[in-house]
Amino acid sequence: MPLSWKRLETIKFPQVWAKFKAKDRDGSLVEYRIQDLPEDRFHEAIYFMQRYHMESEVLRVKKIREDPISFREITEKWWDCLRQKITLVCFKEDSDEIVGLNVLGVVTKFESSQPHSFKGKGWSEIVNSKKFVNDNFFDPFTHYSVDKLMFALGLIVLPEYRQRGIAFELMKARELIGKAVGIQVSSNVFTSFGAQRAAEKAGYEDNFSIR
């Protein structure tokens with residue numbers, strides 16, 4: 001089911017949401033900016049996710065790259081999110097190189113409750129696991145009394161730019177864009193302790209954990 005939420009045309013797009021200083025690859029201090037992902041960078045962003053996010057722990061364990069159906073289905077889901085124009089990208093000032101990317105989407109309570117039609121084994125198992133937690137342990141829609149929420153479908157930073165706080169800044173910026181577009185809650189499932197620590201540092205609540 002395609003995502004139905006659309007960003008209002010009255011909200012400027014693209015726009016910069018945050019700037020911060022951190023080390024460059026050579027150790028010098030430079031400025032980075034978090035902004036909306038421009039439409040003319042959508043194809044590049046998809047390649048970025050396929051190249052780097054496919055190597056993340058869960059997608060690697062589920063062998064998404066080796067499963068053509070799962071590979072196609074998660075790519076289509078990324079495209080669905082990008083079209084909502086809420087995805088955040090990190091650029092280094094005076095450069096157009098993508099150093100970090102957070103694919104974000106907005107889903108309604110009705111859409112979240114519907115059974116999915118994914119056929120790929122690995123991708124279906126990931127989606128089913130998340131739905132099992134939501135259905136049996138923690139439902140963010142009910143907990144926060146909202147009918148739509150923001151979710152993340154992958155956050156990745158280039159290997160050579162990690163350990164600089166870029167993931168943390170991307171997570172913080174979700175609150176800024178959420179307020180601007182009228183989304184009150186960002187709900188995410190984190191599969192690594194590093195990502196969970198970054199989220200907690202950025203002010204996220206830990207509502208449910210499996211250890």
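Judged by distance alone, the side chain of Asn128 and the main-chain N or O of Ser124 form a donor-acceptor pair under 3.5 Å. Distance alone, capped at 3.5 Å, places no donor-acceptor pair between the Ser112 side chain and the Lys109 backbone. A donor-acceptor pair under 3.5 Å is absent between the side-chain atoms of Gln15 and the main chain of Gln35, judged by distance alone. The backbone N or O of Arg25 sits nowhere less than 3.5 Å from a side-chain atom of Glu160 that would complete a donor-acceptor pair.
Taken together through direct or relayed side-chain contacts under 4.5 Å among Ile, Leu, Val, Met, Phe, Trp and Tyr, Trp79 and Ile98 form part of one hydrophobic cluster. Ile11 and Ile86 fall within the same hydrophobic cluster, defined by Ile, Leu, Val, Met, Phe, Trp and Tyr side-chain heavy atoms under 4.5 Å apart, directly or through other members. Ile34 is not connected to Val16 by any chain of hydrophobic side-chain contacts under 4.5 Å among Ile, Leu, Val, Met, Phe, Trp and Tyr, and they are in different clusters. Residue Phe168 is not grouped with residue Val157 when hydrophobic side chains (ILVMFWY) are merged at heavy-atom distances under 4.5 angstrom, including chains of intermediate members. By the rule that hydrophobic residues join a cluster once side-chain heavy atoms approach within less than 4.5 Å of another member, Val61 and Leu155 end up as members of separate clusters.
Residues Val30 and Lys21 form no side-chain contact, since every pair of their non-hydrogen atoms from C-beta on lies 4.5 Å or further apart. A heavy-atom distance below 4.5 Å is not found between the side chains of Leu8 and Val181. Annotation: side chain of Val89 is not in contact with side chain of Val99 (no heavy-atom distance under 4.5 Å). Residues Phe141 and Thr108 fail the side-chain proximity criterion, which asks for heavy atoms closer than 4.5 Å. Inter-residue side-chain proximity for Asp24 and Leu29 is flagged as unmet; no heavy-atom pair is nearer than 4.5 Å. Residues Arg60 and Met54 form no side-chain contact, since every pair of their non-hydrogen atoms from C-beta on lies 4.5 Å or further apart. Considering only heavy atoms from C-beta on, Leu88 stays 4.5 Å or farther from Leu101 through its side chain. In this structure, Ile126 and Val58 have side chains that are in contact, with non-hydrogen atoms separated by less than 4.5 Å.
Shortest non-hydrogen contact noted between Trp5 and Lys148 is CD1-CD, 4.0 Å. When all heavy atoms are compared, the tightest approach of Phe91 to Glu97 is CD2-O, 3.3 Å. Between Leu153 and Trp78, the shortest heavy-atom distance links the atoms O-NE1, 2.9 Å. In this structure, Leu3 and Cys81 approach most closely via the heavy-atom pair CD1-SG, 4.1 Å. Nearest heavy-atom pair across Leu37 and Phe42 is O-CE1, 3.4 Å. Scanning all heavy atoms of the two residues, the minimum distance from Phe13 to Pro38 falls at CZ-CA, 4.4 Å.
Aromatic pair Trp123/His116: centroids not less than 6.0 angstrom apart.
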TODO: I would like to know whether Ser56 and His53 meet side chain to side chain contact (heavy atoms under 4.5 Å, CB included); could you show each step before the answer?
DONE: CA-CA 5 Å; Ser56 64; His53 191 56; 3.7 Å; yes
TODO: Evaluate the criterion side chain to side chain contact (heavy atoms under 4.5 Å, CB included) for residue pair Arg72 and Thr75; output intermediate values, then yes/no.
DONE: CA-CA 5 Å; Arg72 173 179 54 81; Thr75 297; 5.7 Å; no
TODO: Give the intermediate values and the outcome of side chain to side chain contact (heavy atoms under 4.5 Å, CB included) for residues Leu158 and Phe48.
DONE: CA-CA 9 Å; Leu158 281 178; Phe48 191 93; 3.6 Å; yes
Task: Stepwise salt bridge (charged side-chain N to carboxylate O under 4.0 Å, His left out) check, Lys179 with Glu175 - done: CA-CA 6 Å; Lys179 287 181 178 179; Glu175 182 177 359; 3.4 Å; yes
TODO: Show your working on side chain to side chain contact (heavy atoms under 4.5 Å, CB included) between Asn136 and Lys131 and close with a plain yes or no.
DONE: CA-CA 8 Å; Asn136 295 278; Lys131 187 168 177 56; over 6 Å; no
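By the 30° and 60° cut-offs, the orientation of the rings of Phe20 relative to Tyr32 is parallel.
Summarising the geometry, atom CG belonging to Asp94 is positioned 9.0 Å from atom CD belonging to Glu31; distances are rounded to the nearest 0.5 Å. The line from NZ of Lys23 to CZ of Arg164 is 8.0 Å long, rounded to the nearest 0.5 Å. Rounding to the nearest 0.5 Å places CE of Met49 at 8.0 Å from CG of Leu59. If you take CG on Asn134 and OG on Ser129, they are separated by 11.0 Å, rounding to the nearest 0.5 Å.
Using a cut-off of 4.0 Å between Lys/Arg side-chain N and Asp/Glu carboxylate O, Lys63 and Asp67 are scored as not salt-bridged. Between Glu125 and Lys62 there is a salt bridge, with a side-chain nitrogen of the basic residue lying less than 4.0 Å from a carboxylate oxygen of the acidic one.
A donor-acceptor contact closer than 3.5 angstrom links the side chains of Glu111 and Ser4. Side chains of Lys92 and Tyr161: a donor on one and an acceptor on the other come within 3.5 Å.
Qualifying ring-ring contact (aromatic ring centres under 6.0 Å, His included) partners for Tyr47, counting only residues two or more places apart in sequence or in other chains: none. Listed by chain and number, the residues in a side chain to side chain contact (heavy atoms under 4.5 Å, CB included) with Ala152 are Asn102, Leu104, Arg174, Asn188 (sequence neighbours excluded).
Within the structure, every pair that satisfies the salt bridge (charged side-chain N to carboxylate O under 4.0 Å, His left out) test and touches residues 32-41, not counting sequence neighbours, is listed here: Arg7-Asp36, Arg33-Glu93, Glu39-Lys85, Arg41-Glu44.
Within 6.0 Å of atom CD in Gln114, more than 12 heavy atoms from other residues, nucleotides or ligands are found, so the atom counts as buried in its surroundings. More than 12 heavy atoms of other residues, nucleotides or ligands lie within 6.0 Å of NE2 in His143, so this atom counts as buried by the packing criterion. Annotation for Glu55: atom CD counts as buried by contact number, over 12 foreign heavy atoms lying within 6.0 Å.
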